Every structure is written in structure tokens, then in C-alpha cells.
Amino acid sequence: MKIQKEKVIIIGSGAAGLTAAIYAARANLSPLVIEGIQPGGQLTITTDVENYPGYADVVQGPWMMDQMRTQAINVGARIINDVVIQVDFKKNEKTIVLDSAKSITADSIIIATGAQAKWLGLESENKFNGKGVSACATCDGFFYRNKEVAVVGGGNTAVEEALYLSNICSKVFLIHRRDKLRSEKILQDRLFSKKNINIIWNNVVDEILGDENGVSSLKLTSTKKNKTEVIKVEGVFIAIGHSPSTKPFKDVLEMDNEGYIIAQKPGTTITNIDGVFAAGDCVDKVYRQAVTAAGMGCMAALDAEKWIQNISL
């Protein structure tokens with residue numbers, strides 16, 4: 001059976017993947033996009049998007065990604081709904097194996113598989129996702145201006161989220177299951193100096209409460225005593241970390257100890273394997289914004305185009 005051959009395969013269809021597709025298609029590379037397990041990426045589970053440039057009014061995340069997908073198709077990208085389960089990047093031609101058992105080779109690969117926020121696993125958390133529950137203060141904090149909110153977690157991410165929200169919200173509760181934070185000392189010092197941040201030690205979120213209008217309060221359970229309490233908040237930010245979606249590339253690409261793909265040269269999307277590039281949240285664990293992911297997708301397409309030109313000489 002003849003194996004399908006492509007110039008560029010893009011793995012992932014969020015902001016990074018679709019932007020890479022747009023640029024690669026405009027470079028006449030006819031990219032093939034593998035949508036993955038979450039077509040459209042994390043923005044498809046985001047309701048109001050207010051911080052992506054180019055929209056004067058608030059837009060809906062799913063609509064925005066549908067527009068980006070349509071744009072990619074209109075300029076020449078091809079998109080299939082499948083999942084990459086295995087790769088072989090050892091040869092000049094890179095090979096991917098799909099969940100459908102199909103194998104495809106390409107001159108160049110762009111990985112834009114993103115990352116997933118870690119959640120508490122509560123039924124009510126899923127119920128109010130986008131209606132008071134968020135995993136990104138930078139994305140959604142504005143909607144809680146002068147309101148009381150909670151942040152769940154005890155590492156750098158949680159403290160940074162709480163500090164950010166303290167400049168927007170009237171009061172921030174930081175809920176941590178232990179009696180010590182895991183964040184850097186300098187961040188803790190800043191946190192403790194904030195008068196509108198109230199730390200609730202040795203507690204976990206047992207349930208998120210609310211109605212059709214959204215979150216109204218949290219039910220907390222002590223990890224030390226047989227005690228529960230309810231605090232009134234209008235928003236809760238889950239900040240217990242992210243997991244990059246890079247499992248198929250383990251032991252193939254160079255990654256850090258958290259599984260994020262490492263760019264070999266600052267300011268590029270180049271990985272440790274020639275012709276393989278990575279963009280978006282599977283690389284970036286600092287900014288994690290749709291606009292930065294899109295920017296990296298553009299970079300990856302330009303890097304791939306240059307690579308293909310060089311091997312064709």
C-alpha cells in the first residue's frame with residue numbers, strides 16, 4: 001500500500017496549529033492538519049474572548065476558532081479529524097501513525113498539540129466551566145472586576161494568579177490543601193503583603209455552588225479537622241498546573257521534566273530534530289495565551305517553509 005506523502009503536517013488545531021496552517025497554505029505548502037482530540041483547542045471551551053486583537057466586541061471562543069478553521073481551509077489547508085498515536089522522526093521523511101491506523105509521511109512536521117489545564121475533577125466544576133470557573137486569570141480576570149473570587153492551588157501558578165487578580169478584584173481567597181505554599185519565596189512575600197488576599201490553609205474545594213447565573217459560593221472541607229465552611233465568591237480559578245499534550249513525542253523530542261517540548265534556539269520553534277517544529281502551549285508554559293500561541297504558529301510555518309526550501313536546493 002502506497003503511503004501518503006505530504007510537504008507539511010501540522011499536528012493540532014488550536015490557535016497555534018491553525019495559524020501555522022494559514023501561513024503554510026499561503027506559502028503554497030498545502031499543509032495537512034490533524035485536528036487531534038480537541039478540535040479547535042482550549043478556546044472551544046472558552047465562552048467570552050475579550051483579549052484577542054482584532055475584535056472590538058466580545059466574541060465566543062468556539063466561534064473564533066471556527067472562523068480560524070474556515071480561514072485556513074479557504075487559503076488551502078486540508079484538515080482531517082484524527083489523532084496521532086505514534087511518530088518516527090529518525091529518517092529524512094517523518095512518519096506519523098494515526099488512530100485510524102493510517103500512516104503518513106512528510107518533509108516537515110509542526111507540533112501544536114497544546115496543553116490541558118489540570119482540574120479538580122468535580123462534577124460542579126464542569127457544570128460551571130465558563131460560568132464562573134476558569135483556569136486562566138489573565139484570560140478571564142477582567143470579568144470579575146471589583147468582585148470576590150477564589151484561587152485554588154499552592155504553587156507558582158496559583159500565587160501568580162492570585163497576585164494578578166488582587167489588582168482587579170475586591171478580594172481574593174487563596175485556597176491551599178496544605179499549611180505551606182510551594183511557590184518561590186519572592187512570590188510568597190508579595191502575596192503576604194497584599195491586604196486583599198486571604199489565604200485559607202488546609203482546605204480543599206468540596207463543591208462549587210451556584211445557579212443559572214453562575215458561581216455564587218464554594219463549599220470547603222478542612223484537611224485537618226472534621227469541618228466544612230461556605231465562602232461567597234463569584235469566580236473560582238483552578239491553578240493546580242497544566243499538562244502538555246506531548247505523549248506521542250516522548251523519547252523522540254527533547255523535553256523538560258514537565259513534558260514541554262524544548263525549542264533549541266531562543267526565538268524559534270526549532271526542536272532537536274531537523275524539520276520538526278513546535279509551537280503554542282506544548283512549548284510555552286509561561287504565557288499560555290491564544291495570541292502568543294498564534295504568533296508561535298506563524299513562526300513555526302515560516303521555520304518549516306525555510307527548512308523545506310533548504311532541503312530542496
Side-chain angles (χ1 to χ4, degrees), residues 12-19 38 40-53 55 58-65 68 112-122 124-169 172-176 183 187 191 197 205 208 210 214-215 218 233-245 258-260 279-297:
S13 58
L18 291 177
T19 303
Q38 188 177 20
Q42 292 189 74
L43 276 177
T44 58
I45 57 170
T46 302
T47 49
D48 295 344
V49 177
E50 197 175 41
N51 58 359
Y52 197 92
Y55 300 101
V58 175
V59 297
Q60 298 299 297
W63 176 86
M64 193 174 90
M65 296 315 298
M68 201 177 290
T113 46
Q116 302 293 322
K118 294 178 181 178
W119 299 98
L120 300 174
L122 301 174
S124 53
E125 178 184 50
N126 185 57
K127 176 182 177 181
F128 291 109
N129 200 321
K131 297 180 180 180
V133 173
S134 172
C136 180
T138 312
C139 310
D140 301 325
F142 178 82
F143 300 112
Y144 301 92
R145 185 174 294 276
N146 299 321
K147 296 179 179 180
E148 295 190 5
V149 300
V151 175
V152 181
N156 282 351
T157 300
V159 174
E160 287 169 353
E161 299 270 89
L163 288 168
Y164 177 84
L165 291 166
S166 70
N167 297 317
I168 298 173
C169 305
V172 179
F173 295 96
L174 179 63
I175 302 163
H176 186 40
S183 62
L187 289 175
L191 183 83
I197 296 180
V205 176
I208 299 168
V215 171
L218 298 179
V233 294
E234 293 184 59
V236 54
F237 293 83
I238 312 302
I240 56 177
H242 286 73
S243 298
S245 302
E258 295 177 77
Y260 287 89
D281 288 7
C282 63
V283 182
D284 170 28
K285 59 181 178 182
V286 177
Y287 300 104
R288 290 199 295 261
Q289 300 299 303
V291 68
T292 51
M296 290 184 73

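Along the sequence shown, residues carry numbers from 1. These numbers were taken from a predicted model, which means no experiment stands behind them.
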More than 12 heavy atoms of other groups within 6.0 Å of K285 NZ: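 Yes, because the 6.0 Å sphere around NZ of K285 holds more than 12 heavy atoms from other groups.
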Exceeds 12 heavy-atom contacts within 6.0 angstrom, atom CZ of F142: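 Atom CZ in F142 is not packed in, count stays at 12 or less.
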State, to 0.1 Å, how close [X] and [Y] come at their nearest heavy-atom pair, and which atoms those are.
| X | Y | result |
| --- | --- | --- |
| T113 | C282 | OG1-CB, 3.7 Å |
| A112 | A16 | CB-CB, 3.9 Å |
| G141 | L165 | CA-CD2, 3.8 Å |
| G153 | A158 | C-CB, 3.4 Å |
| A239 | T157 | CB-CG2, 4.0 Å |
| A290 | A15 | O-CB, 3.6 Å |

Side-chain heavy-atom pair [X], [Y] within 4.5 angstrom cut-off:
| X | Y | result |
| --- | --- | --- |
| F237 | D140 | yes |
| R288 | Q42 | no |
| D281 | H242 | no |
| F173 | V233 | yes |
| V152 | V236 | yes |
| Q289 | C139 | yes |

Check: G41 main-chain N/O paired with T44 side-chain donor or acceptor under 3.5 Å: yes
Find the distance between [atom1] ([X]) and [atom2] ([Y]) and round it off to the nearest 0.5 Å.
| X | Y | atom1 | atom2 | answer |
| --- | --- | --- | --- | --- |
| M296 | D284 | CE | CG | 6.0 Å |
| L174 | E161 | CG | CD | 10.5 Å |
| I238 | I175 | CD1 | CD1 | 8.0 Å |
| Y260 | S245 | OH | OG | 9.0 Å |
| L218 | L122 | CG | CG | 10.0 Å |
| L191 | I197 | CG | CD1 | 4.5 Å |

Derivation of the side chain to side chain contact (heavy atoms under 4.5 Å, CB included) call for L120 and I240: CA-CA 8 Å; L120 300 174; I240 56 177; 4.0 Å; yes
